[in-house]
Each structure stands twice: as C-alpha cells, then as structure tokens.
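Keep in mind that the numbers below use all heavy atoms, side chains included, and drop hydrogens, waters and symmetry copies. Chain letters run A, B, ... following the sequence lines, proteins first and then strands; every chain starts at 1.
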2 protein chains.
Amino acid sequence: MPLRVTIKDVAAQADVSYQTVSKVLNNQAQVSPETKARIWRAVKKLGYVPNHRARDLRTQRSHMLGYSWRPDLPHQVNPIMDLFLLSMVEAADEKGYHILPFPHPDPEKDVDAYRDLMRTGRVDGFILSSIDYNDPRIKFLQRENFPFVAFGGLQAESDLFVDVDGARGLELATRHLIAQGHKNIAVLAWPKHSRVGQNRFAGYVQAMRDAKLEMRAAWTAHVEGTFEMGYATTHKWLRAKTRPTAIVALTDLLAVGAMRAIQESGLRVGADIAVTGFDDTPMAQYLTPALTSVRQPIWQVGQRVIDLLVRSLEQLPLTETQIVLSPELIVRESSLK
Amino acid sequence: MPLRVTIKDVAAQADVSYQTVSKVLNNQAQVSPETKARIWRAVKKLGYVPNHRARDLRTQRSHMLGYSWRPDLPHQVNPIMDLFLLSMVEAADEKGYHILPFPHPDPEKDVDAYRDLMRTGRVDGFILSSIDYNDPRIKFLQRENFPFVAFGGLQAESDLFVDVDGARGLELATRHLIAQGHKNIAVLAWPKHSRVGQNRFAGYVQAMRDAKLEMRAAWTAHVEGTFEMGYATTHKWLRAKTRPTAIVALTDLLAVGAMRAIQESGLRVGADIAVTGFDDTPMAQYLTPALTSVRQPIWQVGQRVIDLLVRSLEQLPLTETQIVLSPELIVRESSLK
DNA sequence: CTATGTTATGCGAACGTTCGCCCGAACGTT
DNA sequence: AACGTTCGGGCGAACGTTCGCATAACATAG
C-alpha cells in the first residue's frame, strides 16, 4: 500500500479508469451498480480519502470560511466570541467546511487581510462580527461580490445576517425590574456611536415608556463598557440626593462595577438596589450575589450563521436571509429583594 | 485584466516563461537583476498574488496547523484556550501559516478527526492541548510520524512541547501565604489521575515541606475543579473543630467556591481566611474581594508553540525543544489581611 | 438489418503552481 | 582554436482531482 492512496490506486484496484472513480465518489452520472460496489470496496480496502488540496484546486473552492474577531481589550478575552467560534466550528464541520480564524489588524487596514484571503483562494466566504456603522469591510465585500454573513444587523435587503434582539433583551431586564416594583431605574449604556449599544438602549426606553416611568437624564449614562465606568458612574448616583433603586447595565462588566460601588457604600445588591447585566458572562453566576443577566443564544447564532453562509455558497434555497433571535433573561439574586 | 491573475499573466506581461516568474517569486536559482525587476514590476502592475490552492497541491503542504480544544464544560467557555488560540493565530499569521480549529469529539474517537485531517492533506501539523496521561493522540501521531507540538509536558526526549510550570505556580501561592504568617493551609486539588493537577499539587507540597509545615490529610481535597466542589469542601472544613486559615486552590473556580462558602459562614475572605486561585480568569479581578491568582503566560505559550511547530516543519534549527515557562503570582485582596 | 437511442465507461484536458533537467550564450582557460 | 564553467532562462512534467465530451456496447424501434 503506497504512502498516499490516490484515486488512481483505487481505480487500479477496482479495474476502472480513475475518472470513473471520481464519478462514483461524487455520485454524478450513471455507473452500473456492480462497478459502483466494486469501487466502494476498493475505497474501503485501501482506506482512500480524497485529497482536499487537489479537489480544491480543481473546483476552485477551499471549503474554508474566514473569521476574524476583535478582542474587546488587547490580549484580553471575549467570552462571547469564544463560544461563537466553537459553535461555528462544529456547524461548519458537519457541512464539510472549516473555519479559518485570522488576526484582526488595525481597523483601517483590515480590508487588506480580507482581500488577501480572497485573492489567494484561501477562503470561500467570511463571517463578520463586531460590525460598526458604515463598516468598511461590508462595503468592500459587497463591491467585490464576495459571499459573507454578518453577526449583527445590516441594512440592505440583500444582506445575510443573524442578529440578537438587543432591544428585546434590555426590555426584558427593565420589565423584570418594574415587575419587582422599581420605579427609579437608571441605565448604564454605551457611547451613542455604537449601533449595538443604541439598539439595546432602545429596549430600556421602550419598557420605561410602556410603564409610563420617568427617565431622568441624570440617570442615563453613556459610557465605555468597563468595570471602572460602571463603578464610577454608580458611585456618583449613590451620592446624589435621590438615588435609583435599580440599575440596568448594557454589559456584565458595567454591572459588576455597579455592584462593587453599591457594596462599598454599605448597601446590599438586590435588597437595596437591584442590578442587571447583559451577556451572561461565565462569571455572572459566581458573583456574590449572582448577577441577573441577559443571555444571548450564541450557540444558535453560530449555527445559523454557518447555515446561511454555506447555503449561499452552494446556491441552496434560502428560506430566511435575515434572522433575528431573542435573548433570554436569567434571573438571579442581584435583582431580587 | 482577467478576473484571476495567474503567474502566466505575469509572465506574458514581463515577456518571460511563467516558470521563470515562479523562480523569481520563490527567489531560487539565478535570474538577472533586470528580468527580476521586470517581473516584479509586472507582479505589482497586475496585482498578482500566488494562488495558495495550487501551490499547496504542488508542494504537498497546506500551511495549516490543526488545533482542537476541549471545552471544560460542554458549551461553556474556557478563557485560557481562547487567549491561547488568539496568540497562535497571530504567531502563525506572521510566519505564513493559519490555524485550523476543529471540533473535539468524544475522547476515544478523536484520533479519527486527526487522521482525517492528515490524510486529506488539510494540515501540516497539530497543536495539542489538554494532554492526558497516555494520551492516545500522542501515540497515534508519533506512530504516523506526523509533526505536532504539545501545550503540556510529555516524556520522550524527542517530543516538542511548551509547558507552564504548574508546581512553581502553586509554590508561589503557598509561599506567599506562608509569608503572610499562615500555618494551617488547606489545598483544593484535582483528582489524582490528572497530570496537570498532580504537577500543581507538587508545588504546594514542596512549599509546605520547605517551611516545615504540617500537611493534614483532612485538609487535602482531590476533587473535580468546579465551583460546587470548592464550595462544599470548604464548607466542610469550616465546620470542623480546627479550621484552616488559608486555602490554596488549583483553579479559580474552586477558589470562588471557597470564597462563597467562607462569606456565607460570616467570615471575611482575606482578613479571616486567605484564598488563592489559579489561571487568573478574567473574573478574578472583579470579585469582591479580588482574587489572588497564578497567571500563566498564555500569550507566550502560544507564540512558542507555533515557533516550535513551524521550525520543525521547515527543518529550521531548533535550539530548544522542550520549553517550560514560569507563571506569575498576581496578589490581590483575597490573600491579604 | 440499419437507424436511433440509451447506458456505462474511458479519455484528454484543466485548475495554477513548483521542480528538475536541459540548453544556449558568454566567458575565461589551457 | 577547442574546451570546460558559469549564468540565465526555457521546457516538460507532475501534484490529485473534476469536468465535459467521446465512444463502445447493447437494446429498441422502424
């Protein structure tokens, strides 16, 4: 048995031309059941597996899907992206594809990395995440007419994307607090230039309006999503004359900052001031008290994204092209009296 | 300009045979400076990039490095692995390689996935992590003589690996507690079948012996590395007649469980009972009190692993083949009075 | 019995590279 | 003047597939 078993070895074994073997493997064209069986037997016997390099060259496809993610903080971890990646890897594997992760260089030059992977034939399509308003990558890929699917909402009708309804998430959290009897609810939001941030924020506004509750400008903070900003902002709120009885945060990190500030003021999180987060970071469940948080269906997002992308690559019918999934509120002690 | 610019287009433009272009691109063999320049000009003008698919077929290499990681818990996040992956992706990219992540199936069948990727020519080598004693993957790859590098120590002289000195890590943590005046130090360790666990545990033993402190069997727990086990074990310790004044844990999760148990007993973490963790999970810094933990140089591990693997693939000189890096103790409030 | 169609298989070519060998010209060297 | 050497570059082949067309064998119909 030769070191590398090729289609020709199989052909010799089965006593047919190697092209016929190829036909059987891709079961196209008619081949008599007997020879078919003979060929399969030979394949099994020799332990043949098709060489992907050769196939890819011939078919001009790579079965690779490029994915690049931006760490929120340099050399720090983005737990959401990790799970997302894992989900995509598994989904892709099932369909005979692989994920090719590549580094995310400085925001302006990043189109280069995409262009390179396209031109060299390394990937068949891309998965995009952390989309900005007017993301240059989107324009570029559209112009080049190269397949991609985004995690995050786009505008154009033609775009493929999967998104999580962030507004719905904050609405759930806010409604939950209102149901607990809270009226003075502050919000720790992101800077206004963030599309994801504005989307989530809208959910808070919606819930407050529906309940006819007052939204004070002083209790609406648009800040960077860090622990420090959550801490500092909450601290400020606690020193004011009237203070909120509940705080909804756009991320867990902001919520954790808020919790710390509350505890340092000698107040109890939950009993005195309720707090909710967003993302259901692994740590949320281990905090004291455990943090109520909005959990995104990241696993499903990964599955759907790959499904969409592979379908579009293989020209299969697309029943849905723009998928919006609902998040789920995980209620824990931090929002209960 | 044709849609796909190939080497032949460049050749036509530069008025040489396409094989000569290839030679220039891989700068091997003599070509006169003039034609060289002419060819490069043509390359630039046409925006040529070599087609990786074709090159890979011809050279029988894929420039892909397979990596599969096992989530500690199904559908849960392993923050260490995430950073590790990111580091490898960047290191590989610099050297013209890519990481190919693939799913980790059930432990017994996983060799199949490795075999498949090898046979189909998808990858040139593997990175292994989460190594067990007698890991079947290692035996398999050695038998097939396929290049790989492990994150985690192996035995054989010939093996390539990068490891973090877990014993040193626990030694640092234990010595730190001893320096704080602690004498009754309990340890939350892993089951004995874990090689990583035994390695770390040895560091605790070393530090205790050096300080001539007593190690009570009752204060040595070999348990699964979960929050629940940390919590339950610590609870048990606290109810005993004499209780430890400090607890070293083999993972942050165990430490967090211990912290919770301590706090629920009305004691103060740090002031009353000191606690240290391992891994410096992102959450460690946000806990109340913040958790003292051993930080592994994950970024460096990723860089070194890729360096080793690429060197061995390209038959470059290997100065070191078995690299052990030292972790670092990050002291926070949980271990201070 | 020829014409026509169907079915099963074979064959040449191509995908875009790299590799090794060959060859002609220029240049010294006996 | 004849002979090596070196340099620059060309040429055919190969990597392992898939694709489209050609063709042989056989059956069916006129």
The side chain of [X] lies closest to which of these nucleotides: [options]?
X       : options                : result
B:Ile7  : C:dA8, D:dT18, C:dT17  : C:dT17
A:Gln60 : D:dG9, D:dT18, C:dG16  : C:dG16
B:Ala54 : D:dG16, C:dT17, C:dG10 : C:dT17
B:Lys23 : D:dA13, C:dT9, D:dG10  : D:dG10
A:Tyr18 : D:dG9, D:dT17, C:dT17  : D:dT17

inquiry  = So, applying side chain to side chain contact (heavy atoms under 4.5 Å, CB included) with B:Leu128, which one of B:Val305, B:Leu141, B:Val149 is it?
reply    =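 For B:Leu128, the side chain to side chain contact (heavy atoms under 4.5 Å, CB included) check succeeds only for B:Leu141.
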Criterion side chain to side chain contact (heavy atoms under 4.5 Å, CB included) against B:Val123, the qualifying member of B:Asp116, B:Leu117, B:Leu65 =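 For B:Val123, the side chain to side chain contact (heavy atoms under 4.5 Å, CB included) check succeeds only for B:Leu117.
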query = Pick the nucleotide of DNA chain C nearest each of A:Val31 and B:Ser22; which residue has the one closer to the 5' end?
reply =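 Upstream on the strand: A:Val31.
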query = Should the pair A:His52 and A:His63 be assigned to parallel (<30°), tilted (30 to 60°) or perpendicular (>60°) ring geometry?
reply =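 It falls in the perpendicular class, over 60°.
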key: Toward the 5' end of DNA chain D, by each residue's nearest nucleotide, B:Thr20 or A:Asn51   =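 On the 5' side of the pair lies B:Thr20.
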Atom-pair distance ([atom1] on [X]; [atom2] on [N]), nearest Å:
X       : N      : atom1 : atom2 : value
B:Gln30 : C:dC27 : CD    : C1'   : 15 Å
B:Leu57 : D:dA13 : CG    : P     : 18 Å
B:Lys8  : C:dT18 : NZ    : P     : 12 Å
B:Arg53 : C:dA14 : CZ    : C1'   : 14 Å
A:Asn26 : D:dT18 : CG    : C1'   : 7 Å
B:Arg38 : D:dG8  : CZ    : C1'   : 11 Å
B:Ile39 : D:dG10 : CD1   : C1'   : 12 Å
A:Lys36 : C:dT9  : NZ    : C1'   : 13 Å

Salt-bridge criterion met for [X] and [Y] (N-O under 4.0 Å):
X        : Y        : answer
A:Arg304 : A:Glu320 : yes
B:Asp9   : B:Arg4   : no
B:Asp56  : B:Arg53  : no

request  = With a 3.5 angstrom cut-off on both distances, give the Watson-Crick or G-U wobble partner of C:dT29, or none if there isn't one.
outcome  =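 C:dT29 is paired with D:dA2.
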query = Using purine N1 to pyrimidine N3 plus N6-O4 or O6-N4 for Watson-Crick, or N1-O2 and O6-N3 for G-U wobble, each under 3.5 Å, what pairs with D:dC26?
reply =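 Because both required distances fall under 3.5 Å, D:dC26 counts as paired with C:dG5.
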ask   = Do B:Arg58 side-chain and C:dT18 base share a donor-acceptor contact under 3.5 Å?
value =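 Yes, the side chain and the base share a sub-3.5 Å donor-acceptor pair.
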key: Under-3.5 Å donor-acceptor pair between A:Gln19 side chain and C:dG12 base   =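 For A:Gln19, whose side chain was compared with the base of C:dG12, there is a donor-acceptor pair (under 3.5 Å).
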ask   = Which part of the nucleic acid, if any, lies within contact of A:Ser32, taking any heavy atom under 4.0 Å across all strands shown: a base, the sugar-phosphate backbone alone, or nothing?
value =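 The residue A:Ser32 makes sugar-phosphate contact but no base contact.
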message = Need one value for B:Asp56: base, sugar-phosphate or nothing, where a base atom within 4.0 Å counts as base even if backbone is also close, heavy atoms only.
response =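 The answer is nothing, as B:Asp56 stays clear of every strand by at least 4.0 Å.
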inquiry  = Please confirm whether the shortest side-chain N or O distance from B:Thr35 to OP1 or OP2 of D:dG9 is below 4.0 Å.
reply    =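 For D:dG9, OP1/OP2 do have a side-chain N/O of B:Thr35 under 4.0 Å.
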